[in-house]
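Bear in mind the structure is a predicted one, so any value in this text is a computation, not a measurement.
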Amino acid sequence: MTTLQSVPALGTHPASGSLPSRAETREQLSKASYDLLVIGGGILGISTAWHAAQSGLRVALVDAGDFAGATSSASSKLLHGGLRYLQTGAVKLVAENHFERRALSRDVAPHLANPLTFYLPVYKGGPHGAAKLGAGVFAYSALSAFGDGVGHVISPAKAQRDVPELRTENLKAVAVYGDDQMNDARMALMTVRAAVEAGATVLNHAEVTGLRFTRGRVTGAELKDRADGTEFGVSARLVLNATGPWVDHLRRMEDAGAAPSIRLSKGAHLVLKRTSPWKAALATPIDKYRITFALPWEDMLLLGTTDEVYEGDPGEVAVTEQDTAQILDEAAFSIRDQQLSRELITYAFAGLRVLPGGPGDTSQAKRETVVTEGSGGMLSVAGGKWTTFRHIGRTVMNKLASLPGPQLAEDMEPIARLPKKLPLPGIANPNAVAHRLMADGPAPGPRMAADTARHLATHYGSLSFDIARLANDDTALAERIHPDAPEIWAQVVYARDHEWAETADDVLRRRTTLTVRGLATEQIRAQVEGLLKQRS
């Protein structure tokens with residue numbers, strides 16, 4: 001591993017095409033007048049900013065933390081149609097979800113979405129029978145136009161060959177279907193990049209301290225740069241509140257008497273080292289409505305999720321001992337004990353689902369998007385699913401076009417005229433990118449390791465070649481950050497100069513997988529912080 005002494009000399013000078021400095025971005029935000037200010041850099045805000053910029057509006061996007069720093073990087077990492085929605089008869093919703101999933105995995109971001117086969121085990125005494133689940137996965141695949149094959153049922157023996165840790169006691173059959181998965185933080189970052197390429201101005205770690213008003217209408221925000229404490233403001237014809245779990249907090253800045261509009265549900269996950277290869281994921285029914293997942297992800301195993309009402313501070317959401325015990329207990333329905341040892345846990349994380357306000361069990365609540373307009377004209381958007389983030393962006397844009405107040409519709413291209421499946425940056429066949437990376441080097445020196453090449457190809461697509469060039473120019477940047485992870489030091493420099501990374505957590509938790517793998521040691525954190533300070 002690269003020594004602590006050698007790293008600070010690396011990447012001192014940003015590569016060509018680097019991002020403007022924070023001071024330059026603040027000045028631009030302060031001096032320009034925007035059509036739309038999006039507050040909240042989760043995937044809903046990012047998607048809206050991307051679509052608004054495509055439509056020709058002048059767009060600014062700010063977030064108090066990092067892009068996708070909260071709920072949007074704490075998901076189950078799935079792009080899916082929502083098999084459980086068939087249980088409630090939401091056939092149209094499943095079909096719409098499948099359309100968006102296929103668009104992402106085939107046309108928009110094939111370099112970031114990975115197909116994944118799911119096994120749904122049917123145990124004696126379980127909540128569903130083999131015939132019902134077999135019919136369910138067939139219908140599910142039909143709603144996806146059989147693009148992932150035909151949902152069917154296989155024997156326990158065949159399933160165990162693909163998932164050696166599958167518990168086979170009292171296992172009657174296994175239903176099979178297909179969906180996709182992703183690294184959610186990387187998908188969000190590429191969408192931020194797409195918004196900037198379309199003309200948006202973005203700044204993370206910029207906290208809203210107040211709203212600007214003109215004749216009673218919200219016309220911007222006052223902000224504080226958390227990086228250095230600088231205070232500044234942004235003016236806009238319209239402000240969109242896309243702050244996720246904090247949506248009501250911002251609504252109360254607009255109107256102190258605003259009634260609660262949402263409720264929160266906590267979803268906790270565990271990440272474990274794998275004890276054997278997994279060629280498929282497990283989706284095990286817990287009861288009539290809930291499913292627990294065991295997903296091979298980033299060479300590890302992702303378990304979850306919980307679903308319980310959360311009423312605390314969104315900034316303090318965390319995985320509790322009760323969450324850990326529940327996830328492991330539910331996973332034990334279908335996974336052998338040796339894979340569920342607590343010693344294998346490398347990381348635990350929790351996110352908050354934003355659900356419409358109202359009574360009832362959160363596990364049965366609809367994951368729908370709600371757009372509301374406040375007394376000062378600020379729009380608030382909340383809820384929805386990762387899979388449909390493009391659709392949500394279009395939905396918000398249609399709402400903007402129909403507003404009777406500031407006539408944004410006169411200055412924007414109708415959403416129906418925008419490209420239906422505009423690709424995200426880096427679009428490429430990841431297999432071809434990985435092959436090329438291994439063939440080209442870094443040079444001089446050995447070929448790029450296969451796991452590093454594959455990691456870069458499936459997290460950056462064709463932008464991997466920019467990282468490879470950094471490694472070629474300085475071979476120390478071609479070294480692994482940690483011997484047990486595929487990432488290399490060039491990714492840290494790239495994150496600093498091209499991906500808005502400001503803190504060690506930005507790099508280690510979201511732009512790479514070091515934290516999730518349990519490998520973000522104090523020494524590595526210090527090295528990353530040293531590189532970040534060398535930003536010119």
In plain terms, say whether Arg22 and Asp228 are close enough for a salt bridge, that is, a side-chain N and a carboxylate O under 4.0 Å apart.
no

Pair Lys273 + Asp299: basic N to acidic O under 4.0 Å:
no

Going by distance alone, is a donor N or O of one side chain under 3.5 Å from an acceptor N or O of the other, for Thr512 and Gln491?
no

Is the ring pair Trp500/Phe67 parallel, tilted or perpendicular, if the boundaries are 30 and 60 degrees?
perpendicular

For the pair Glu207 and Lys224, find out whether any cationic side-chain nitrogen is under 4.0 Å from an anionic carboxylate oxygen.
no

Is there side-chain contact between Val354 and Leu264, with at least one heavy-atom pair below 4.5 Å?
yes

Checking Asp184 against Ser73 for the side chain to side chain donor-acceptor pair (under 3.5 Å) test, could you report, in this order, the C-alpha distance in whole Å, the side-chain angles of both residues, the deciding distance, and whether it holds?
CA-CA 5 Å; Asp184 47 12; Ser73 60; 5.5 Å; no

Mind checking whether His498 and Asp466 have side chains closer than 4.5 Å, heavy atoms only?
no

Short question: side chain of Ser21, backbone of Glu24 - any donor-acceptor pair under 3.5 Å?
yes

Is there a side chain to side chain donor-acceptor pair (under 3.5 Å) between Glu222 and Thr209 once you walk through the steps?
CA-CA 6 Å; Glu222 305 296 339; Thr209 58; 5.9 Å; no

Answer yes or no: is there an ion pair linking Asp505 with Arg525, defined by an N-O contact shorter than 4.0 Å?
yes

Polar side-chain atom of Arg394 near backbone of Ile415 as donor-acceptor pair, under 3.5 Å:
no

Between Glu502 and Asn204, is there a side-chain donor-acceptor contact under 3.5 Å, judged purely by atom types and distance?
no

Output yes when Lys31 and Glu27 qualify as a salt bridge under the 4.0 Å nitrogen-oxygen rule, no when they do not.
yes

Would Asp497 and Leu19 count as a side chain to side chain contact (heavy atoms under 4.5 Å, CB included) if you check the C-alpha gap in whole Å, the side-chain angles of each, and the deciding distance to 0.1 Å?
CA-CA 6 Å; Asp497 293 344; Leu19 301 172; over 6 Å; no

What's the spacing between Thr346 OG1 and Arg517 CZ if we round to 0.5 Å?
8.5 Å

Would you say that Leu211 contacts Glu254 through its side chain, given a criterion of any heavy-atom pair below 4.5 Å between the two side chains?
yes

State whether the side chain of Ser464 and the backbone N or O of Gly461 hold a donor-acceptor pair below 3.5 Å, judged by distance alone.
yes

Have His269 and Ser76 got a donor and an acceptor in their side chains that come within less than 3.5 Å?
yes

Ignoring hydrogens and geometry, is there a side-chain-to-backbone donor-acceptor pair from Arg509 to Val516 under 3.5 Å?
no

Is a donor on one side and an acceptor on the other found under 3.5 Å between the side chain of Thr306 and the backbone of Asp323?
no

Shortest non-hydrogen contact between Thr305 and Ala268, atoms and distance:
OG1-O, 3.1 Å

Can you give me the closest heavy-atom contact between Ala53 and Val59, atom names plus distance?
N-CG2, 3.7 Å

From CA spacing to verdict: salt bridge (charged side-chain N to carboxylate O under 4.0 Å, His left out), Arg26, Asp225
CA-CA 9 Å; Arg26 288 195 307 263; Asp225 189 335; 2.6 Å; yes

Does this structure show an ion pair linking Asp248 with Arg251, if we count only N-O contacts that are shorter than 4.0 Å?
yes

Side chain of Glu100, backbone of Asn97: donor and acceptor closer than 3.5 Å?
no

Give the C-alpha distance, both sets of side-chain angles, the deciding distance and a yes or no for side chain to side chain contact (heavy atoms under 4.5 Å, CB included) between Arg353 and Asp307.
CA-CA 9 Å; Arg353 305 176 189 91; Asp307 194 335; 3.6 Å; yes

Assess Lys266 against Phe349: is NZ or CZ under 6.0 Å from the centre of the six-membered ring, and within 45 degrees of the ring's axis?
no

Gln339-Thr275 side chain donor-acceptor pair, cut-off 3.5 Å:
yes

To the nearest 0.5 Å, atom NZ of Lys399 lies from atom OG1 of Thr48 at 13.5 Å

Which heavy atom of Ala504 sits nearest to which heavy atom of Leu532, and what is that distance?
N-CD1, 3.7 Å

Value rounded to 0.5 Å, distance of OG in Ser462 from CG in Leu456:
12.0 Å

Ignoring hydrogens and angles, tell me if any N or O in the side chain of Arg511 forms a donor-acceptor pair with the backbone of Glu499 under 3.5 Å.
yes

Within 6.0 Å of CD in Glu311, more than 12 heavy atoms from elsewhere
no

Any side-chain heavy-atom pair from Leu240 and Leu37 closer than 4.5 angstrom?
no

Side chain His459, main chain His455, donor-acceptor under 3.5 Å:
yes

What pair of heavy atoms forms the shortest contact from Gly220 to Val239, and how long is it?
N-CG2, 3.6 Å

One should read off an interatomic distance between Asn114 CG and Gln181 CD, to the nearest 0.5 angstrom, of 6.0 Å

Whether Asp179 side chain and His80 backbone form a donor-acceptor pair below 3.5 Å:
no

What heavy-atom pair brings Arg193 and Pro425 nearest, and what distance separates the two atoms?
CG-CG, 4.0 Å

Stepwise side chain to side chain contact (heavy atoms under 4.5 Å, CB included) test for Leu400 and Leu238:
CA-CA 9 Å; Leu400 296 185; Leu238 189 72; 3.0 Å; yes

Any pair counted as salt bridge (Lys or Arg N to Asp or Glu O under 4.0 Å), so long as it reaches residues 35-61, sequence neighbours left out:
Asp35-Arg58, Asp35-Arg237

Identify the two heavy atoms, one from Ile488 and one from Ala471, that lie closest to each other, and give their separation to 0.1 Å.
CD1-CB, 4.4 Å

Working to the nearest 0.5 Å, report the span between CG of Leu477 and CH2 of Trp489.
9.5 Å

Distance check, rounded to the nearest 0.5 Å: Gln527 atom CD versus Glu522 atom CD?
11.5 Å

Any residue meeting salt bridge (Lys or Arg N to Asp or Glu O under 4.0 Å) with Arg510, in chain and number order, not counting sequence neighbours
Asp66, Asp506

Distance-only polar pair, side chains of Ser235 and Arg212, donor-acceptor under 3.5 Å:
yes

Any side-chain heavy atom of Asn472 sitting closer than 4.5 Å to one from Leu470?
no

Flag side-chain contact, heavy atom, 4.5 Å: Ile262 against Leu355
no

Going by side-chain contact (heavy atoms from CB on, under 4.5 Å), name the residues that satisfy it together with Ala109, two or more places apart in sequence or in a different chain.
His111, Leu112, Met187, Leu424

Check the surroundings of atom CD in Glu197: do more than 12 heavy atoms from other residues, nucleotides or ligands lie under 6.0 Å from it?
yes

Look at the side chain of Ser72 and the backbone N and O of Ile43, then say whether any donor-acceptor pair between them is shorter than 3.5 Å.
yes

Does some side-chain heavy atom of Leu78 sit less than 4.5 Å from a side-chain heavy atom of Thr387?
no

Side-chain contact test, heavy atoms from C-beta onward, threshold under 4.5 Å: evaluate it for Arg102 versus Asp180 and give yes or no.
no

Going by distance alone, is a donor N or O of one side chain under 3.5 Å from an acceptor N or O of the other, for Thr513 and Glu487?
yes

